[in-house]
Amino acid sequence: MNALSHIIEVLEHGLVLDVTIEELQFRAYVVVSEPDIDRVADFVPKEQFEQDGDVHVAAIYEEQDAREQVQDITFNMNPGDAAVFLCVNPAAYLAALEELGQAAAEPAD
């Protein structure tokens, strides 16, 4: 999986990316956060939910789980969908960003 991405917005505890993986293009919200589905509305704008397409959410607990979680989410995505990655710790966050084409990203505080 060869992801290309660019940063759209810097959040308090993460990044918003436009990501391209093969022919799939999507918006990704990658944050350091507890794995709580209710937290998604804290950083995903209301407009994202109102657009066509689904919002997929995954929790990444460990750094080594990032590749599998990104692959699982993107396998089930359609054009116009968005993905949210709730990373439990900074190591998982950095690994998720690397999988999404942001290898030089800094940890979120």
Side-chain angles (χ1 to χ4, degrees):
M1 181 173 72
N2 194 11
L4 300 172
S5 65
H6 63 276
I7 298 169
I8 298 300
E9 183 179 351
V10 176
L11 303 172
E12 184 176 351
H13 297 288
L15 295 174
V16 181
L17 307 172
D18 271 347
V19 182
T20 302
I21 298 175
E22 296 176 6
E23 295 179 13
L24 177 66
Q25 295 180 341
F26 63 97
R27 175 86 25 112
Y29 300 83
V30 186
V31 296
V32 176
S33 172
E34 292 298 315
D36 181 354
I37 193 86
D38 294 329
R39 294 286 319 267
V40 172
D42 293 345
F43 45 84
V44 177
K46 179 177 67 170
E47 296 78 27
Q48 183 69 57
F49 295 102
E50 294 170 348
Q51 295 176 6
D52 288 338
D54 295 327
V55 177
H56 303 263
V57 180
I60 301 176
Y61 290 90
E62 301 291 333
E63 178 180 2
Q64 61 269 21
D65 298 335
R67 177 176 299 250
E68 182 179 352
Q69 289 292 343
V70 170
Q71 287 177 344
D72 287 352
I73 287 283
T74 56
F75 179 77
N76 293 305
M77 291 181 75
N78 295 306
D81 287 358
V84 178
F85 297 97
L86 304 173
C87 304
V88 175
N89 57 54
Y93 170 78
L94 290 175
L97 289 175
E98 184 172 343
E99 289 300 319
L100 294 167
Q102 291 292 315
E106 292 296 318
D109 293 326

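Each residue takes its place number in the sequence, starting with 1.
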Quick check for you: to the nearest 0.5 Å, what is the distance between [X] atom [atom1] and [Y] atom [atom2]?
X: Leu97; Y: Cys87; atom1: CG; atom2: SG; answer: 7.0 Å
X: Ser33; Y: Ile60; atom1: OG; atom2: CD1; answer: 11.5 Å
X: Ile8; Y: Arg27; atom1: CD1; atom2: CZ; answer: 5.0 Å
X: Leu94; Y: Gln102; atom1: CG; atom2: CD; answer: 11.0 Å

Quiz item: Does a donor on one side chain and an acceptor on the other come within less than 3.5 Å for Asp81 and His56?
Solution: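 On atom types as modelled, these side chains qualify, holding a pair under 3.5 Å.
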
Exercise. Report yes or no: do Tyr93 and Glu63 form a side-chain donor-acceptor pair below 3.5 Å?
Key: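 Glu63 and Tyr93 do not have a side-chain donor-acceptor pair below 3.5 Å.
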
Self-check item: Derivation and outcome, side-chain contact (heavy atoms from CB on, under 4.5 Å), residues Phe26 and Ile73
Solution: CA-CA 11 Å; Phe26 63 97; Ile73 287 283; 6.0 Å; no

Self-check item: Greater than 12 external heavy atoms within 6.0 Å of Glu68's CD
Solution: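 Open: at most 12 neighbouring heavy atoms sit under 6.0 Å from CD of Glu68.
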
Quiz item: Near Asp36 CG, under 6.0 Å, is it more than 12 heavy atoms from other residues, nucleotides or ligands?
Solution: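 More than 12 heavy atoms, drawn from other residues, nucleotides or ligands, come within 6.0 Å of this atom.
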
Quiz prompt | Main-chain N/O of Tyr61 paired with Asn89 side-chain donor or acceptor, under 3.5 Å | solution =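 A pair under 3.5 Å: yes.
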
Self-check item: Whether Glu34 side chain and Val88 backbone form a donor-acceptor pair below 3.5 Å
Solution: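 Pair absent, no side-chain N/O of Glu34 close to backbone of Val88.
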
Quiz item: Is there a side-chain contact between Val55 and Tyr29 (heavy atoms, below 4.5 Å)?
Solution: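 The answer is no; the side chains never approach within 4.5 Å.
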
Quiz item: Do Phe75 and Ile21 have side chains that get closer than 4.5 Å, going by heavy atoms?
Solution: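 No - every pair of side-chain heavy atoms lies 4.5 Å or more apart.
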
Practice problem: Test Ile7 against Val16 for side-chain contact (heavy atoms from CB on, under 4.5 Å), laying out the working first. | Solution: CA-CA 6 Å; Ile7 298 169; Val16 181; over 6 Å; no

Looking at [X] and [Y], what are the two nearest heavy atoms and their distance?
X: Glu99; Y: Ala66; value: CG-C, 4.1 Å
X: Thr74; Y: Gln71; value: OG1-O, 3.3 Å
X: Ala82; Y: Gln48; value: CB-NE2, 3.4 Å
X: Leu24; Y: Pro79; value: CD1-N, 4.3 Å

Exercise. State plainly whether one hydrophobic cluster holds both Leu86 and Ile37, where clusters connect Ile, Leu, Val, Met, Phe, Trp and Tyr through side-chain heavy atoms under 4.5 angstrom apart.
Key: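 In one cluster with Leu86: Ile37, yes.
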
Self-check item: NZ/NE/NH1/NH2 to OD/OE distance under 4.0 Å, Asp42 and Arg39
Solution: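 Yes, this pair counts.
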
Exercise. Show your reasoning for whether side-chain contact (heavy atoms from CB on, under 4.5 Å) applies to Val19 and Leu4.
Key: CA-CA 6 Å; Val19 182; Leu4 300 172; over 6 Å; no

Exercise. Any chance you could lay out the side-chain contact (heavy atoms from CB on, under 4.5 Å) test for His6 and Leu17, step after step, and finish with the verdict?
Key: CA-CA 6 Å; His6 63 276; Leu17 307 172; over 6 Å; no

Practice problem: Output all residues satisfying salt bridge (charged side-chain N to carboxylate O under 4.0 Å, His left out) with Asp72, sequence neighbours left out; order by chain, then residue number. | Solution: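 By the salt bridge (charged side-chain N to carboxylate O under 4.0 Å, His left out) rule, Asp72 matches no residue at all.
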
